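The basis for the numbers below is simple: all heavy atoms, side chains too, and nothing from hydrogens, waters or symmetry mates. Order of the sequence lines sets the chain letters (A, B, ...), proteins ahead of strands, with each chain counted from 1. All values reported here derive from a predicted model rather than from experimental measurement.
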There are 4 protein chains.
Amino acid sequence: MAMGPTKKELLLKAAKELFSEHGYSETTFKKISERAGVALGLLTHHFGNKEKLFLTAGLDVVHELVQTMRTNLQGVPNGLEAVRIFAKTYFDFARNPRQDFMVLVRCSPFSDLKTVEDKDVMIRNFSELYEILEECVKRGVRDGSIRDLDPHKTSVVVFCNLVGGIRHGLLTPYGDDGLFDDIVDFVIYGLKAR
Amino acid sequence: MAMGPTKKELLLKAAKELFSEHGYSETTFKKISERAGVALGLLTHHFGNKEKLFLTAGLDVVHELVQTMRTNLQGVPNGLEAVRIFAKTYFDFARNPRQDFMVLVRCSPFSDLKTVEDKDVMIRNFSELYEILEECVKRGVRDGSIRDLDPHKTSVVVFCNLVGGIRHGLLTPYGDDGLFDDIVDFVIYGLKAR
Amino acid sequence: MAMGPTKKELLLKAAKELFSEHGYSETTFKKISERAGVALGLLTHHFGNKEKLFLTAGLDVVHELVQTMRTNLQGVPNGLEAVRIFAKTYFDFARNPRQDFMVLVRCSPFSDLKTVEDKDVMIRNFSELYEILEECVKRGVRDGSIRDLDPHKTSVVVFCNLVGGIRHGLLTPYGDDGLFDDIVDFVIYGLKAR
Amino acid sequence: MAMGPTKKELLLKAAKELFSEHGYSETTFKKISERAGVALGLLTHHFGNKEKLFLTAGLDVVHELVQTMRTNLQGVPNGLEAVRIFAKTYFDFARNPRQDFMVLVRCSPFSDLKTVEDKDVMIRNFSELYEILEECVKRGVRDGSIRDLDPHKTSVVVFCNLVGGIRHGLLTPYGDDGLFDDIVDFVIYGLKAR
DNA sequence: TATGAATGAGATTTCATTCAT
DNA sequence: AATGAATGAAATCTCATTCAT
C-alpha cells in the first residue's frame with residue numbers, strides 16, 4: 001500500500017518552514033498545524049512541547065548538513081580544497097530552501113532553547129561540524145596546502161566567516177550575490193601556503 | 001539642582017538591558033517597568049509601542065558605536081591600521097556591558113522590526129558603520145597598506161568576520177578568549193599588501 | 001498455564017494508585033496507561049469513561065473494606081467491642097497502602113461523580129458500612145455494653161469520628177501517630193455504659 | 001464619592017462562591033470572570049495564578065473564621081463551655097453561605113495547593129484555629145469543667161469530630177438536620193468532668 | 001482484545017496596549 | 001508626566017474520547 005508522509009512528518013516539515021520564515025516566537029502551534037493540515041493537538045502528542053519541536057527541527061537540519069558535508073568531502077585532493085568545499089557546501093546548503101537551514105539562522109539554537117538538557121543536545125550535535133572543519137584544516141597543514149596555523153583556532157575563525165556570511169547575506173540588506181564567493185576567496189587566501 | 005536620570009532614561013536603560021539579556025520577545029513591558037522601577041504606562045507614553053522602543057534602543061547603541069568608532073579612528077596612520085582599529089573597537093564595544101551592544105546581537109534589528117519604515121530607519125543608521133569601514137579600506141588601498149582589493153566587497157567581507165566573531169564568541173559555547181584577536185589577525189593578514 | 005494479572009486488572013490497579021496519590025482531576029488516562037504499561041485505548045474499552053473507571057475503583061475499595069469488616073467482626077463478644085473493632089479495622093485498612101483506601105479520601109465519591117446514577121450506586125454500596133456500624137451499636141445497646149443511645153444517630157456520629165480522623169491523620173500535617181488510637185478511645189468512652 | 005466593591009473584590013467573591021460550589025478544578029477562570037462580570041485577564045493581574053487565587057480565597061475564609069471564633073468566645077464562663085461555643089461557631093460558620101466556608105471543604109487546602117510555600121502559608125494560618133481550641137481545652141482542665149485529659153491530643157480529636165461532621169453533614173447524603181447538635185453533645189459528653 | 005495516533009474543545013497564562021485618575 | 005488597573009485576543013498545553021488498524 002502506497003503511503004504518503006505521516007502526519008508527524010507533515011508537522012515537522014511545516015514547523016521547519018515556519019521557523020525558517022518567521023523565527024521561533026512568531027511561529028505558533030496554530031500556524032504550524034494549519035500549514036500541515038493537521039490537528040493542533042498532534043504537536044504536543046508527537047513532540048511534547050514547542051521547545052522539543054524546535055530541537056527536533058534544528059537537529060534534523062544539522063544532521064542533514066553533516067551528512068551532505070561528509071558526502072561532498074569525499075575524494076577531495078587536499079586540505080585546502082577540503083576547506084573550500086566545506087565553505088561552498090555550507091553556503092549552498094544554506095541557500096537551498098528545501099533544506100530549511102534558516103531554522104538555525106532565523107532562530108537561535110543557543111538562546112531559543114531554554115533548558116540545559118536541550119542546549120546540550122544541540123551543542124553536541126553541532127560540534128560534529130566543527131570537528132569536520134578542524135579535520136580539514138589539520139589535513140591541509142599536514143599535506144602542505146595550508147600554511148602553518150593552529151588548526152583549532154583557524155577552524156573557529158573560518159567558521160565565523162561562514163556564520164557571518166550567512167547572517168549578512170541572508171538576513172541583512174547588505175549582502176549581494178557575490179558575497180559568498182568573496183568570503184570563500186578571502187578564507188582560502190588567508191589559509192593557503194605560499 | 002542636581003537631577004538623576006529621568007524616568008524615560010531609566011526605562012530605556014532597563015529595556016536595553018533586558019533586550020540584551022533575553023531577546024526581543026522574552027522582554028515584556030512589565031519586566032522593563034519593574035526593572036526600571038517606573039510605571040508601566042510610561043512605556044507607551046514615551047515610546048509609543050514595543051517596536052518603537054526597540055528601535056530607539058537599537059539606534060541608541062548604533063549611534064554610540066559610530067561615535068566611538070569615529071573617535072578611535074582619529075589620527076590613525078594608514079588604512080590597514082584603520083581597519084585594525086575598526087575591528088578592535090567593534091569587539092571592545094561588544095564586550096562592554098555598559099554599551100548594551102547585545103541588543104543588536106540577541107535581537108535582530110532586521111527581523112524583529114516589522115514595519116518597513118522602522119526597518120529603513122535602522123538600515124540607514126547602520127549603514128554609517130559600513131561606510132566608515134569602506135572608507136578605511138579605500139584609504140588603505142590608496143596609501144598602499146592594503147593590497148589591491150575592491151573596497152566595497154572587501155569591507156562587507158570584513159564585516160562578516162566581525163559579525164560572525166561576535167555571534168560565535170558571545171552566543172555559542174565555541175569561542176574562547178583569544179577568538180577576537182585571532183579574527184583581527186586573520187583579517188589583517190587577508191588585507192595587507194606584500 | 002500460570003497467568004499474571006490481566007491488562008484490565010493492571011489498569012485498575014494503576015488507576016487506584018494514581019487516584020489515591022493525586023486525586024481525581026490530576027489523574028489522567030495517559031498517566032494511568034503509562035503506569036500500567038498498557039495501551040491508552042484499553043481504558044475506554046474496558047471501563048467506558050473516566051467517571052465509570054473511578055466508580056469501579058471506588059466500589060472495589062468499598063467492597064474490600066466491607067469484606068474485611070465482616071471478617072474482623074466475627075466472634076466479637078459484645079456491641080461495644082464490635083464498635084472498637086469496626087473503628088480499628090477502618091483505620092488499619094486506611095493505612096494499608098495495598099488497599100488504596102485513599103481513593104475514597106483524596107477523591108470525593110460524592111462530588112467527583114457527576115451523574116445521578118453513578119452517585120446512587122456509590123451511595124448504595126457505601127451504605128452497607130453504615131448498616132454494619134449501626135448494627136454494632138444496636139447490639140451494644142441490647143447487650144448492655146453501650147449506654148442507652150439512639151443507634152442510628154450514634155453510628156453517624158461515630159462515623160464522623162472515623163472520617164475526620166482519616167482526613168486529619170492522613171491529609172493534614174496535624175495528626176500524629178497516636179491519633180487513631182486517641183479517637184478510638186474517645187469513641188469508646190463516649191459509648192460505653194457505666 | 002460612593003464606591004462599590006473593586007473589581008478585585010468582585011473576582012475574589014466570585015472565586016470563593018465557585019470554589020465552594022464546584023471545587024477547585026471545576027472552577028475555571030472563565031466562569032469566575034463571567035460571574036464577576038469582569039475581564040478574564042484581571043485574574044492573573046491581581047492574583048498571579050489560579051493557585052494563588054485559591055490561597056487568597058482560602059486564607060480569607062480562615063481569617064474570618066478565626067475572627068468570628070474570637071468574638072464568640074469572649075466572656076465564656078469556663079473551658080467546657082468554650083469548647084461547646086467553638087464547635088457551634090464552627091458549624092454555624094460552615095452552614096452560613098455568606099461565609100463561603102465550603103471553599104475549605106469542597107477544595108482541599110492541603111492537596112490543591114501544590115507548592116510548599118503556599119502549603120506552609122495555609123498551614124500557618126490554619127494552625128491558629130487549633131491553638132484557640134487547645135487553649136479552650138487547657139482552660140477547661142484548669143477550671144475543672146473538663147476531665148483530666150491531654151489538651152493537645154484532645155483538641156485534635158475534637159477537631160476531627162468537627163471536620164468529620166462537616167464532611168458528613170454537607171458532602172454526603174448521610175447527615176441529617178440534627179447531626180451537628182449530636183456531635184456537639186457527643187464531644188461535650190466525652191470531655192466533661194464528672 | 002489491543003494499540004496509540006488523531007481530534008478539538010477548553011484550560012491557564014501572557015501581554016501589548018488603553019485609559020481613567 | 002505619572003500610575004497601574006483594565007482589557008481581551010492569542011499563546012501554549014492538556015486531555016477525555018474516538019477510531020483505524
Quick check for you: among F:dT14, F:dT7, E:dT1, whose closest atom lies nearest to any side-chain atom of C:His45?
E:dT1
Watson-Crick or G-U wobble mate for F:dA11, both contacts under 3.5 Å:
E:dT12
Go through F:dA10, E:dA9, E:dT18 for me and flag the one nearest to the A:Leu40 side chain.
E:dA9
So, is A:Lys7 near the phosphate of E:dA6, with a side-chain N or O under 4.0 Å from OP1 or OP2?
no
Can you tell if the side chain of D:Asp100 reaches within under 4.5 Å of the side chain of D:Val103, non-hydrogen atoms only?
yes
From E:dA5, F:dA5, F:dT17, nucleotide with atom closest to A:His46 side chain:
E:dA5
From the set F:dC13, F:dT3, F:dT7, return the single nucleotide nearest to any side-chain atom of A:Thr44.
F:dC13
Could you please name the option among E:dT13, E:dG10, F:dT7 that lies closest to any side-chain atom of D:Ala39?
F:dT7
Given that both distances must come in under 3.5 Å, which nucleotide forms a Watson-Crick or G-U wobble pair with E:dA20?
F:dT3
May I have the distance from A:Lys50 (atom NZ) to F:dA11 (atom C1'), rounded to whole angstrom?
8 Å
Ring centroid separation C:Phe126 to C:Phe110 under 6.0 Å
yes
By nearest nucleotide on DNA chain E, pick out whichever of D:Thr28 and A:Gly41 is the more 5' one.
A:Gly41
Once you apply a heavy-atom cut-off of 4.0 Å, does C:Thr27 come out as touching a base, just sugar-phosphate, or nothing?
sugar-phosphate
Looking only at side-chain atoms of B:Phe29, point me to the closest of F:dA9, E:dT17, E:dA5.
E:dT17
When you measure from the side-chain N and O atoms of B:Lys30 to the phosphate of E:dC15, is any distance below 4.0 Å, counting only OP1 and OP2?
no
Answer yes or no for B:Lys50 and B:Tyr24: cation-pi contact, defined as NZ/CZ to six-membered ring centre under 6.0 Å and angle to ring axis within 45°.
yes
Starting at the 5' end of DNA chain E, which residue's closest nucleotide do you reach first, C:Val38 or D:Leu42?
C:Val38
